[in-house]
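Take a look at the structure set out below.
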Amino acid sequence: MFGRLIAISSIILSFTSLVTAQSTSTAPVPTGVPVQGDYNGPLRPRVHYSPPKGFMNDPNGLFKDVNGTWHLYYQYNPTDVVAGNQHWGHATSPDLYTWTNQPIALFPPNSTSGVFSGSIVVDPENTSGFFPNSTNGVVAIYTLNTPEKQVQEIAYSFDDGYTFTPYSGNPVLDVGSNQFRDPKVVRYGDSWVMVIAFASEYVIGIYTSPDLKEWTHASNVSHIGFLGVQYECPNLVEIPIRNSSTGTDKGWVLTISINPGAPLGGSITQYFPGEFNGTHFVPHDGATRLSNFGKDDYAGQFFYNESVSIGWASNWEYRNLVPTATEGWRSSMTLPRENYLIDSGVRGWELVQEIYDIQPILSDQLASSDNLVNTTSQVDFGNSTSVYFDMNITYPADVTFSTYASINFTFSTQSSNEQFKGGYILTGSTPNTIWVDRGNTNGFDYPLFTNKFSASQVKPAERIQGIIDHSLFEVYVDNGSVVGTVDVYPTEPFTSLSIGTGDLPEGSTVSLQVWGLKDTWA
Ligand SMILES: *[C@@H]1O[C@H](CO)[C@@H](O)[C@H](O)[C@H]1NC(C)=O
Ligand SMILES: *[C@@H]1O[C@H](CO)[C@@H](O)[C@H](O)[C@H]1NC(C)=O
Ligand SMILES: *[C@@H]1O[C@H](CO)[C@@H](O)[C@H](O)[C@H]1NC(C)=O
Ligand SMILES: *[C@@H]1O[C@H](CO)[C@@H](O)[C@H](O)[C@H]1NC(C)=O
Ligand SMILES: *[C@@H]1O[C@H](CO)[C@@H](O)[C@H](O)[C@H]1NC(C)=O
Ligand SMILES: *[C@@H]1O[C@H](CO)[C@@H](O)[C@H](O)[C@H]1NC(C)=O
Ligand SMILES: *[C@@H]1O[C@H](CO)[C@@H](O)[C@H](O)[C@H]1NC(C)=O
Ligand SMILES: *[C@@H]1O[C@H](CO)[C@@H](O)[C@H](O)[C@H]1NC(C)=O
Ligand SMILES: *[C@@H]1O[C@H](CO)[C@@H](O)[C@H](O)[C@H]1NC(C)=O
Ligand SMILES: *[C@@H]1O[C@H](CO)[C@@H](O)[C@H](O)[C@H]1NC(C)=O
Ligand SMILES: *[C@@H]1O[C@H](CO)[C@@H](O)[C@H](O)[C@H]1NC(C)=O
Ligand SMILES: *[C@@H]1O[C@H](CO)[C@@H](O)[C@H](O)[C@H]1NC(C)=O
């Protein structure tokens with residue numbers, strides 16, 4: 001009864017409402033075998049993960065098993081190309097780029113429930129008591145959503161995360177709320193620590209547990225950063241500091257995803273570097289920092305006890321409308337990223353998100369230059385369909401940009417005259433700005449699918465890396481100090497890249513390499 005009263009007063013915009021409103025399919029869900037998919041469609045990314053078919057959203061349960069295999073689970077509707085009927089899909093990879101689809105890992109108990117987002121931990125010390133005979137025990141901690149409320153459940157695995165058994169004592173955490181979700185658990189000393197969103201109260205709850213079964217409320221972090229309409233998918237993780245001036249080589253960061261109501265519209269992830277002492281988190285300063293200047297990077301999660309993360313490369317404003325449904329699937333993940341913090345002095349602490357080692361997927365080298373100053377290079381994709389470019393720039397010591405200097409990159413289609421454009425503007429009077437523009441493509445039109453994004457830096461960029469992957473573009477400036485992720489839907493594949501610089505000051509240098517990327521699904 002208490003739960004029902006809460007349900008009636010729930011916010012109409014909640015994810016729960018959207019899900020129940022939009023999932024109508026009753027097709028059977030395959031068990032014990034991977035869902036089959038066709039990865040040949042023109043919009044299919046070849047190096048970013050996308051589900052075999054159906055609809056995917058948040059990455060879940062990210063962990064690396066004892067054999068070094070990376071596991072990616074994800075919010076999954078296997079029976080429709082819109083959100084709803086939430087399961088945990090599953091894929092594994094040796095390198096975070098080449099994925100093998102696995103059987104669905106977690107199923108809702110019935111058609112009115114959903115297995116919502118959560119995380120996975122490895123329990124080598126058997127703190128949970130589930131693992132009398134092994135040191136590779138795996139426990140998933142996730143939200144079970146029902147029409148009445150959202151409770152936290154756990155399930156354990158004896159086979160490195162391929163199959164799970166729900167705990168008979170579920171739920172392990174129930175506060176009677178229908179807006180209480182997305183537990184992310186880490187180890188701190190002898191304790192487990194969970195962060196979880198009281199989504200519509202703008203509170204991140206911190207809970208502790210000795211055994212993953214009994215959870216004690218430790219503290220709340222509330223009303224920080226942008227509120228949007230709801231808080232979701234928090235992460236609280238300790239990652240390396242690369243340039244510590246104090247001798248501390250690790251630091252904590254809290255991430256909070258908000259939806260809708262992001263500054264650019266829809267959903268986005270913000271982060272807060274700070275101090276954590278096992279029960280309480282305090283941000284280092286009052287700043288709100290965004291993890292991406294594009295619109296398509298949400299609900300990012302860190303792999304358990306690793307500084308590697310992956311985000312969902314879409315936006316709730318249009319995720320159910322994008323044209324990939326004609327190929328039977330919707331949504332892809334971002335590239336994997338290696339994360340660390342830097343002490344930026346007066347700007348405080350900043351998160352750097354480097355592209356995770358891309359070497360394993362480089363294929364043909366398409367262009368190479370040590371001198372791209374004031375010239376433009378035309379690069380044909382040849383037999384490659386996804387392409388990576390890497391540019392390093394140096395400037396003379398006492399540089400002043402009296403004129404408008406520019407770096408541009410434009411991807412074009414063969415005959416439909418569509419383009420994805422981007423570049424970097426350096427001037428004497430305004431800041432140094434990375435920009436992208438997906439507006440000159442014709443595969444998707446919707447008012448909230450906005451076209452242009454940009455971000456400014458204090459100092460001119462010294463490195464720009466970009467990846468076009470069919471329907472997804474990502475740019476990483478200065479090794480991931482500034483990251484932009486945008487979906488793009490041309491009616492024909494991109495087949496060439498024009499990349500160059502102009503009006504750079506005397507004494508500048510520019511090196512460029514362009515690579516075709518392997519088709520990881522071939
Ligand atoms: C992990 O490696 C061990 C030892 O080589 C092997 O017995 C086990 O089957 C492997 N597990 C998985 C999930 O590959
Ligand atoms: C579906 O499962 C949930 C969670 O176990 C339970 O609360 C609910 O009563 C079930 N609904 C039906 C119709 O069986
Ligand atoms: C694991 O925990 C269970 C339950 O507490 C216990 O029976 C078992 O002995 C433990 N095994 C080890 C190796 O600690
Ligand atoms: C380990 O113990 C569990 C629980 O008793 C059992 O189900 C499982 O089969 C055992 N695994 C092995 C490899 O013996
Ligand atoms: C933590 O936040 C939740 C959600 O707003 C609230 O119900 C609870 O009372 C708070 N706990 C404390 C100790 O402030
Ligand atoms: C953690 O910080 C809180 C708030 O400052 C404090 O009350 C608590 O005693 C601290 N815990 C430890 C173990 O230092
Ligand atoms: C986390 O990983 C480090 C190695 O990077 C290891 O030393 C440590 O034991 C791990 N911690 C846990 C809780 O698994
Ligand atoms: C850390 O690196 C940033 C970016 O390169 C730089 O701005 C900052 O001064 C460095 N901080 C220290 C303490 O070296
Ligand atoms: C692409 O073409 C190049 C040269 O034309 C060739 O060396 C390479 O093997 C081809 N790659 C693939 C994947 O077909
Ligand atoms: C880059 O693009 C801008 C905007 O279209 C243009 O003004 C500038 O001349 C271009 N620079 C080069 C080197 O092509
Ligand atoms: C690039 O062009 C600008 C303006 O046209 C010129 O001033 C500068 O000397 C050129 N840079 C180099 C390195 O030649
Ligand atoms: C750019 O610099 C990085 C090292 O900072 C290097 O690994 C990379 O190969 C360089 N790329 C080009 C195109 O020079």
Side-chain angles (χ1 to χ4, degrees), residues 61-68 70-71 119-128 131 134-139 141 160-161 184-195 204-212 216-222 236-252 254 273-285 287 289 302-309 338-354 392-395 431-432 455-464 476-483:
L62 307 184
F63 87 105
K64 188 184 190 177
D65 74 22
V66 289
N67 294 4
W70 300 92
H71 293 251
S119 52
I120 275 180
V121 300
V122 184
D123 183 21
E125 291 167 33
N126 187 32
T127 65
S128 61
F131 309 109
S134 60
T135 55
N136 65 333
V138 168
V139 180
I141 307 98
D160 294 299
K184 168 66 177 165
V185 177
V186 297
R187 191 90 179 131
Y188 186 99
D190 290 335
S191 183
W192 298 105
V193 174
M194 174 197 292
V195 284
I204 301 303
I206 300 178
Y207 289 77
T208 59
S209 172
D211 58 6
L212 299 165
T216 305
H217 184 261
S219 69
N220 283 339
V221 181
S222 82
L236 178 61
V237 292
E238 192 179 31
I239 58 174
I241 298 171
R242 281 279 172 97
N243 69 354
S244 173
S245 55
T246 61
T248 315
D249 61 359
K250 286 193 151 196
W252 288 88
L254 174 68
E275 298 281 354
F276 180 63
N277 71 1
T279 55
H280 291 69
F281 176 80
V282 182
H284 285 311
D285 59 33
R289 299 174 174 87
F302 285 79
F303 283 79
Y304 175 67
N305 196 33
E306 301 281 340
S307 49
V308 179
S309 69
E338 183 75 56
N339 298 270
Y340 56 90
L341 292 165
I342 55 170
D343 174 359
S344 292
V346 72
R347 285 182 60 77
W349 292 92
E350 294 187 310
L351 180 68
V352 182
Q353 308 169 81
E354 279 188 5
N392 287 322
I393 313 114
T394 68
Y395 308 91
N432 311 287
S456 295
Q457 296 182 282
V458 175
K459 285 194 275 181
E462 294 180 347
R463 190 178 191 191
I464 302 176
Y476 290 73
V477 183
D478 289 337
N479 298 307
S481 293
V482 175
V483 178

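Read the numbers this way: they start at 1 and go in the same order the structure lists the ligands and their atoms.
Checking only distances, Ser344 never comes within under 3.5 Å of ligand 8, N or O to N or O. The shortest N or O to N or O distance between Asp343 and ligand 8 is below 3.5 Å.
A 4.5 Å side-chain heavy-atom check between Glu338 and Ser307 finds at least one atom pair inside the cut-off. You'll find the side chain of Glu354 reaches within 4.5 Å of the side chain of Arg242, heavy atoms only. Counting only heavy atoms from C-beta outward, the side chains of Arg187 and Asn305 never approach each other to under 4.5 Å. Within the 4.5 Å cutoff, no side-chain heavy atoms of Thr394 are placed close to those of Glu462.
Between Ala461 and Val477, the shortest heavy-atom contact is CB-CG1, 3.6 Å.
Near Ile342, meaning under 4.0 Å from any of its heavy atoms, are these atoms of ligand 8: 3 (C), 4 (C).
Between Trp252 and Phe281, the ring center distance fails the sub-6.0 Å criterion.
Every protein residue with a heavy atom nearer than 4.0 Å to ligand 7 is included here: Arg187, Tyr304, Asn305.
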Before giving the answer on salt bridge (Lys or Arg N to Asp or Glu O under 4.0 Å), spell out for Arg289 and Asp285 the whole-Å C-alpha distance, their side-chain angles and the decisive distance to 0.1 Å. CA-CA 11 Å; Arg289 299 174 174 87; Asp285 59 33; 2.8 Å; yes

